[in-house]
Amino acid sequence: MSAPILTKEPVVKDRRPRRPRAGAPHLPGGEFGKNLRRNITAHGFLIGAVLCFAFFSWYPIVREFLLAFQKTEDGNVSWVGWDNFVTVWNDPAFGQAWRNTLWFTVLALILGFVVPFVTALIINEFRHGQGYLRLLVYLPVMLPPTASVLLFKYLYDPGYGMFNEILGVFGVPAQQWLQDPDTAMLSVVVASTWMNMGGATLIYLAALQGVPGELYEAAELDGAGLLRKVWHVTVPQTRLILLLMLLMQIIATMQVFIEPFLLTGGAGPEGSTTTIVYLIYQYAFNFNNYGAAAALGLLLLVLLAGFSAAYTRLNRAEQD
């Protein structure tokens, strides 16, 4: 049998190293150079993001730490050590601001943590129209915070507010919602819950839709009612999301400012809505004492960082 006739000459690859194009940047060789050439665009975007994050997040944190130990007078900066912390500690509003902040956090967790979860449970039971219900729940989050707060300020008005009109239908006397020290903080919490519950509700709803339906069917076969199914099936299956949202809501509620500032002017009747962040605002923009404002902000930062670290350690120990 004769050998096949080759009609074309075999192609021989040129193995000589290629010269870089004129004007092309010279990159180092080796494995690092190959990875850098392959991911040069990704590194460029990453460097830009890191620079923005450093300028808008890390630099203010470092600057606040320095301001907490400095004092500025007539443009002259001097180190004063712990004097700013002593000034904040001796302020009569210091203790009241911490008590109000903790009280707001407790009320916000009772309403802002439970209400979105229950709302997600209710929406999850609907087989049709979930998209419209999700939009309806998330709509307050899309509104500007100032517009939402001013809406509630109108609703709380003691003369023509809708809340007092509803109470009048049932023969209940009109209430001084924002003018009474006993109801001012609760009124702020209700407005804050309505403004911010949409995001948490959607997160809970996504977690609920990931729970296997077989677990609910097994619970029904065992004779479990609605509350027992929620407690023994829903809560354990969404425990990680619940704990994460608990941490995020505590951090957010400890930094509340917009709602009490616009609803009650910040301090509220008899200082009932004075929070830590509002006290920081007063030091910085009303008293021009930026050192004391930075010292108080640093105390809040240390508290929240310590709480987050303790939560992370406990959660890790529980998983191990």
Side-chain angles (χ1 to χ4, degrees), residues 60 63-64 67-68 72 84-112 140-141 143-164 174-197 248-304:
R63 183 60 178 161
E64 180 186 10
L67 281 175
T72 304
N84 291 324
F85 294 90
V86 174
T87 300
V88 169
W89 181 268
N90 294 328
D91 190 344
F94 179 78
Q96 185 182 27
W98 279 110
R99 288 192 298 270
N100 291 338
T101 302
L102 294 176
W103 180 232
F104 178 87
T105 301
V106 171
L107 292 177
L109 288 178
I110 294 175
L111 293 179
V141 182
L143 296 177
T146 303
S148 300
V149 173
L150 293 180
L151 171 63
F152 268 86
K153 192 171 185 178
Y154 173 80
L155 297 177
Y156 283 135
D157 189 273
Y160 49 81
M162 188 183 70
F163 290 156
N164 280 335
Q175 302 294 319
Q176 301 289 328
W177 300 101
L178 300 175
Q179 294 75 25
D180 189 349
D182 296 330
T183 59
M185 183 61 77
L186 180 60
S187 302
V188 172
V189 171
V190 171
S192 178
T193 301
W194 183 83
M195 291 168 52
N196 302 302
M197 65 175 289
M248 294 178 62
Q249 290 192 24
I250 289 177
I251 294 176
T253 53
M254 290 287 290
Q255 303 178 65
V256 61
F257 174 75
I258 296 178
E259 293 87 344
F261 182 74
L262 294 179
L263 285 175
T264 64
E270 301 179 10
S272 58
T273 60
T274 301
T275 61
I276 289 296
V277 178
Y278 177 70
L279 193 58
I280 295 174
Y281 169 84
Q282 281 192 312
Y283 275 121
F285 300 104
N286 292 343
F287 308 148
N288 293 324
N289 191 344
Y290 298 104
L296 189 55
L298 188 59
L299 291 177
L300 181 61
L301 173 64
V302 170
L303 175 65
L304 295 179

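Only this structure's heavy atoms are used, side chains among them; waters, hydrogens and symmetry mates stay out.
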Exercise for review: Determine, step by step, whether T273 and T264 satisfy the side chain to side chain donor-acceptor pair (under 3.5 Å) criterion, reporting the C-alpha distance in whole Å, the side-chain angles of both residues, the deciding distance to 0.1 Å, and the verdict.
Suggested key: CA-CA 7 Å; T273 60; T264 64; 2.7 Å; yes
Check your understanding: Going from CD on Q249 to CE on M197, what distance comes out if it is rounded to the nearest 0.5 angstrom?
Key -> 10.5 Å
In a table with atom names and distances, give each donor-acceptor pair under 3.5 Å that connects a side chain of residues 281-304 to protein atoms at least two apart or in another chain.
{"from": "Q282", "atom 1": "NE2", "to": "Y278", "atom 2": "OH", "distance (Å)": "3.4"}
{"from": "Y283", "atom 1": "OH", "to": "D91", "atom 2": "OD2", "distance (Å)": "2.4"}
{"from": "N289", "atom 1": "OD1", "to": "A292", "atom 2": "N", "distance (Å)": "3.1"}

Exercise for review: Could you give me the CA-CA distance, side-chain angles and deciding distance for E259 and V256, then say whether side chain to side chain contact (heavy atoms under 4.5 Å, CB included) is met?
Suggested key: CA-CA 7 Å; E259 293 87 344; V256 61; 3.4 Å; yes
**Study point:** Derivation of the side chain to side chain contact (heavy atoms under 4.5 Å, CB included) call for M195 and V149
**Key:** CA-CA 8 Å; M195 291 168 52; V149 173; 3.6 Å; yes
Point to revise | Any P269 side-chain heavy atom under 4.5 Å of Q179 side chain | key: no
Practice item. Report the distance from atom CG of L155 to atom CG of L150, rounding to the nearest 0.5 Å. Key: 11.0 Å
Practice item. Taking atom CD1 of I258 as the centre, report whether more than 12 heavy atoms of other residues, nucleotides or ligands fall under 6.0 Å from it. Key: no
**Study point:** Nearest heavy atoms of A174 and P158, plus distance in Å
**Key:** CB-O, 4.3 Å
Exercise for review: Start with the C-alpha gap between Q255 and I251, add the side-chain angles, then the distance that decides, and say whether side chain to side chain contact (heavy atoms under 4.5 Å, CB included) holds.
Suggested key: CA-CA 7 Å; Q255 303 178 65; I251 294 176; 3.3 Å; yes
Revision key, fill the gap. One should read off an interatomic distance between S187 OG and L178 CG, to the nearest 0.5 angstrom, of 5.0 Å
Review point. How many angstroms lie between CD in Q176 and OG1 in T183, if you round to the nearest 0.5 Å?
Key: 8.5 Å
Review point. When rounded to the nearest 0.5 angstrom, what is the spacing between CH2 in W98 and CG in L279?
Key: 10.0 Å
Review point. Can N164 and W177 be counted as having a side-chain donor-acceptor contact under 3.5 angstrom?
Key: yes
Exercise for review: Compare all side-chain heavy atoms of M254 with those of I276 and state whether any distance is below 4.5 angstrom.
Suggested key: no
Practice item. Using atom types as modelled and distance alone, determine if a side-chain donor or acceptor of N100 lies under 3.5 Å from a backbone N or O of T275. Key: no
Review point. Which is it for L107 and M185 under the side chain to side chain contact (heavy atoms under 4.5 Å, CB included) test, yes or no, and what are the steps along the way?
Key: CA-CA 9 Å; L107 292 177; M185 183 61 77; 4.1 Å; yes
**Study point:** Side-chain donor or acceptor of S192 paired with backbone N/O of V188 under 3.5 Å
**Key:** no
Check your understanding: Just wondering, are more than 12 heavy atoms of other shown residues or ligands nearer than 6.0 Å to CH2 in W103?
Key -> no
Practice item. State, yes or no, whether a side-chain contact exists between F85 and V88 at a heavy-atom distance under 4.5 Å. Key: no
Exercise for review: Check whether any side-chain heavy atom of N196 sits under 4.5 Å from a side-chain heavy atom of V141, and report yes or no.
Suggested key: no
Exercise for review: State the CZ-CE distance between F152 and M162, to the nearest 0.5 angstrom.
Suggested key: 8.5 Å
Review point. Can you check whether E270 reaches P181 side chain to side chain, under 4.5 Å on heavy atoms?
Key: yes
